[in-house]
Amino acid sequence: MNIKFELTCNLERILKEKNITPYKLSKDTGERIGTIYKLVNNQGMDNSRLSTSLLANICGYLGITLGELFDVVQMEETE
């Protein structure tokens, strides 16, 4: 049996809940807007290298933990 998992980012939902735009997050943290949009849209997560400083800046700014920012979900199960 081969179980696969995927890391998903909850940034879009968190920003909506806090009424913060991706642009404001980028501007206030100094992080690249393209990187913020990749996280918001869960694009290219398999091939991305996210620095610890980026993650710390986002989590610190939003007052959340890494566990709130990301979820690990089971994608498929094969034999």
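Computed from a prediction, not measured in an experiment: that's the story for all the values here.
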**Study point:** Ile64/Lys18 under side-chain contact (heavy atoms from CB on, under 4.5 Å): CA gap, chis, key distance, verdict
**Key:** CA-CA 11 Å; Ile64 61 172; Lys18 294 182 178 282; 4.2 Å; yes
Practice item. Let me see the working for Leu62 and Ile20 under side-chain contact (heavy atoms from CB on, under 4.5 Å), right down to the final yes or no. Key: CA-CA 9 Å; Leu62 296 172; Ile20 298 171; 3.7 Å; yes
Exercise for review: Give the C-alpha distance, both sets of side-chain angles, the deciding distance and a yes or no for side-chain contact (heavy atoms from CB on, under 4.5 Å) between Thr29 and Leu54.
Suggested key: CA-CA 9 Å; Thr29 61; Leu54 164 78; over 6 Å; no
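Separation of atoms SG (Cys59) and CZ (Phe70) is listed at 7.5 Å; rounding is to 0.5 Å. Interatomic distance, Leu69 CG to Ile14 CD1, rounded to the nearest 0.5 Å: 5.5 Å. Atoms CG and CD, on Leu39 and Glu31 in that order, are 9.5 Å from each other to the nearest 0.5 Å. Note that the CG atom of Leu55 and the SG atom of Cys9 stand 8.5 Å from one another [nearest 0.5 Å].
Taking hydrophobic clusters as Ile, Leu, Val, Met, Phe, Trp and Tyr residues chained together by side-chain heavy-atom distances below 4.5 Å, Leu66 shares a cluster with Phe5. Clustering ILVMFWY residues whenever any of their side-chain heavy atoms sit less than 4.5 angstrom apart, transitively, puts Tyr37 in a cluster other than the one holding Leu11.
With a 4.5 Å cut-off on side-chain heavy atoms, Leu7 and Val72 count as touching.
Not a single salt bridge (charged side-chain N to carboxylate O under 4.0 Å, His left out) links Lys27 to another residue, sequence neighbours left out. Arg32 meets the salt bridge (charged side-chain N to carboxylate O under 4.0 Å, His left out) test with no other residue; sequence neighbours excluded. Looking at residues two or more places apart in sequence or on another chain, you find a salt bridge (charged side-chain N to carboxylate O under 4.0 Å, His left out) between Asp28 and Lys24.
Residue Arg13 comes nearest to Glu68 through the heavy atom pair NH2-O, 4.1 Å, listed as atom of the first residue, atom of the second, then distance. Scanning both residues, Ser26 and Ile36, for their nearest heavy atoms gives CB-CG1, 4.1 Å.
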